[in-house]
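Each remark here refers to the structure printed beneath this line.
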Amino acid sequence: MARLIIVSNRVAVPAEGKDAVSAGGLAVAVKEAFSAYEGLWFGWSGNIRDNPSPEPELIDRGPIQYAVLDLSPQDHREYYAGFANRALWPIMHYRIGLGTFSRSDYAGYQRVNQTFAQALAKLVEPDDLIWVHDYHLLPLASELRGQGIANPIGYFHHIPWPAADVFNTLPASGELLRAMADYDLIGLQTDSDVQNLSRNFIDTMRAIPLGGGSMMVDGRRTRIRAFPIGIDVASFKDAADKAGSNKVVRETMAGLRTRKLLIGVDRLDYSKGVPERMEAVDRFFASNPDQRGNVVYIQITPKSRSEVPEYEQLSREVNEKVGDINGMLGEPAWTPIQYVTKAYPRPVLAGLYRAARVGLVTPMRDGMNLVAKEYIVAQSEEDPGVLVLSKFAGAARQLPEALLVNPYDRFEVAEAIRQALYMPRGERLERWKPMAERMLREDVDWWARNFMAELETFRTVEREPPTTAAAAE
């Protein structure tokens, strides 16, 4: 059986005896790919050590082997907290003003990608397919080619790809584009992302379009295509169906009594639009005073990247906004916004989605946003809720029947909340059914199969031997 190597920034190794794909996150997303191949998963262990070994630790878990490296404090500061999350992340999400570029951070980003490539190259076998994930590893294919690796290498970009004029504000953007041309296949979430990256290659690298998404960049052929990621529909729907027996869900419903529930679930990040959403909810109550006491908004927002200053500032902003709104509107028997910063397991979230009359998914910009898809899948077939969705989320392309809104306009979002709460059951069903059917067809297995089928076609592509110093040796 051919082997698939998955490479990601972070690798969550499951506990011994646990299902290798039950760890969540990316593991769920690639389970179909791993079911068709023997598997090796390579990346950062999540540990930070003063003197990390350059050799990965190998851990066997059934059909999947894990190869993990630790990072030094400097590597973590420059590669992860620095260039990846203070330069690339804001630029990719159109937040140019929040981008902070440092030459030392960029050098650390390149250094860690080189370290990963040197360690991984020793594990690669001639028939392996390599699938690299996300913005932490943009130059990894180039580094692997420098190690003499000629295997098919695919890349999937989970977040937005911005317009060329936005990406090119990043110093070293040209170097990163040149490095990305060493991927055989580049997958993005939407056709808009594909157009942005393709335009970037053409304008910046003088790439030559060849048709079918392929282009010639610096004498090398690469292909760019949209592969919108899905969710594990069957398991999430099953979790929602069984959630009535969950203690957290039961207690939440008992506390609501007859009140209608609005729900938002987001990682704490400025791209998610949590403060702006709270302002929209405030605006809704101001415009609909009869709904005070009858509607509760639960916002579940686990903290993330607390080592990055912008995230600590965002956390303070959100807490202040919650306090201001609850202080102005709240009553002894009613708190309009319940703000929770702990993470809940998927079965609990599935149950809360099922209970919510309105799902609020209003990021300022998002590559896809799987919460929107989970909300749709979790709904009751007899009495579904309504999804209010940002038109700047990739999911809006697959969920056009949702109430699509501009998240920068709190009046528009507030009006969509009102429309959703008053929407009759017939219209709710009419909107929900085509979205649910589409999510079932275009699930996570469909996504992985399509990407891997495309990557497989590069097995027969003839490549020039590497012309690097490593190959010459």
Measure the spacing between [atom1] of [X] and [atom2] of [Y] and express it to the nearest 0.5 Å.
{"X": "I417", "Y": "Y297", "atom1": "CD1", "atom2": "OH", "result": "8.0 Å"}
{"X": "L188", "Y": "F156", "atom1": "CG", "atom2": "CZ", "result": "7.0 Å"}
{"X": "K373", "Y": "D232", "atom1": "NZ", "atom2": "CG", "result": "13.0 Å"}
{"X": "Y344", "Y": "L352", "atom1": "OH", "atom2": "CG", "result": "7.5 Å"}
{"X": "S214", "Y": "R223", "atom1": "OG", "atom2": "CZ", "result": "4.5 Å"}
{"X": "I231", "Y": "F236", "atom1": "CD1", "atom2": "CZ", "result": "6.0 Å"}

Check [X] against [Y] and note the closest heavy-atom contact, atom names and distance.
{"X": "L399", "Y": "R438", "value": "CA-NH1, 4.2 Å"}
{"X": "N113", "Y": "Y79", "value": "ND2-CE1, 4.2 Å"}
{"X": "D75", "Y": "R111", "value": "OD1-NH2, 2.9 Å"}
{"X": "N85", "Y": "P90", "value": "O-CD, 3.7 Å"}
{"X": "A121", "Y": "Q147", "value": "CB-CB, 3.8 Å"}
{"X": "G264", "Y": "R277", "value": "CA-NH1, 3.8 Å"}

* Stepwise side-chain contact (heavy atoms from CB on, under 4.5 Å) test for I300 and L349 -> CA-CA 9 Å; I300 300 172; L349 292 178; 4.0 Å; yes
* Asked: side-chain contact (heavy atoms from CB on, under 4.5 Å) between E78 and Y109: does it pass, once the steps are laid out?
  -> CA-CA 6 Å; E78 295 175 349; Y109 179 81; over 6 Å; no
If the plane angle is over 60° it's perpendicular, under 30° parallel, otherwise tilted; pick one for [X] and [Y].
{"X": "F83", "Y": "F101", "answer": "perpendicular"}
{"X": "F42", "Y": "F116", "answer": "perpendicular"}
{"X": "Y375", "Y": "Y353", "answer": "perpendicular"}

* Taking atom types as modelled and ignoring hydrogens, do the side chains of Q110 and Q114 form a donor-acceptor contact shorter than 3.5 angstrom? -> no
* Polar contact flag, side-chain donor to acceptor under 3.5 angstrom, Q74-S72 ->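 The answer is no; no qualifying pair exists.
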* Run the salt-bridge test on R77 and D105 with the 4.0 Å N-O cut-off and return the result as yes or no. =>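 No.
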* To do: In plain terms, say whether E456 and R459 are close enough for a salt bridge, that is, a side-chain N and a carboxylate O under 4.0 Å apart.
  =>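 Result for this pair is yes, salt bridge flagged.
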Could you tell me whether the side chain of [X] and the main chain of [Y] form a donor-acceptor pair under 3.5 Å?
{"X": "W44", "Y": "N47", "value": "yes"}
{"X": "S173", "Y": "L170", "value": "yes"}
{"X": "S390", "Y": "M364", "value": "no"}
{"X": "R61", "Y": "Q65", "value": "no"}
{"X": "N196", "Y": "W161", "value": "yes"}
{"X": "R365", "Y": "Y94", "value": "no"}
{"X": "D134", "Y": "H136", "value": "no"}
{"X": "Q189", "Y": "I229", "value": "yes"}

* To do: Tell me, with the steps shown, if D445 and V233 meet side-chain contact (heavy atoms from CB on, under 4.5 Å).
  => CA-CA 9 Å; D445 293 349; V233 172; over 6 Å; no
Is the closest side-chain heavy-atom distance between [X] and [Y] below 4.5 Å?
{"X": "I325", "Y": "M278", "value": "yes"}
{"X": "F392", "Y": "P363", "value": "no"}
{"X": "D443", "Y": "V377", "value": "no"}
{"X": "P209", "Y": "I202", "value": "yes"}
{"X": "M215", "Y": "S198", "value": "yes"}
{"X": "E279", "Y": "K321", "value": "yes"}
{"X": "V112", "Y": "L71", "value": "yes"}
{"X": "M180", "Y": "I186", "value": "yes"}

* To do: Determine which pairs satisfy salt bridge (Lys or Arg N to Asp or Glu O under 4.0 Å) with at least one residue from residues 192-214, sequence neighbours left out, and list them in order.
  =>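 Residue pairs with at least one partner in residues 192-214: R199-D203.
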* Check step by step if side-chain hydrogen bond (donor to acceptor under 3.5 Å, both in side chains) holds for T204 and N168. => CA-CA 9 Å; T204 305; N168 290 344; 3.3 Å; yes
* Step by step, work out the salt bridge (Lys or Arg N to Asp or Glu O under 4.0 Å) result for R221 and D184. => CA-CA 7 Å; R221 185 190 298 259; D184 295 290; over 6 Å; no
* How about D165: does its CG atom have over 12 heavy atoms from other parts shown lying under 6.0 Å from it? ->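 Not buried by this count: 12 neighbours or fewer within 6.0 Å.
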* **Partner of F458 under side chain to side chain contact (heavy atoms under 4.5 Å, CB included), chosen from L129, N151, L185** =>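 Running side chain to side chain contact (heavy atoms under 4.5 Å, CB included) over L129, N151, L185 with F458 returns exactly one hit, L185.
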* Taking it one step at a time, do L58 and L123 satisfy side-chain contact (heavy atoms from CB on, under 4.5 Å)? -> CA-CA 10 Å; L58 299 178; L123 304 175; 4.3 Å; yes
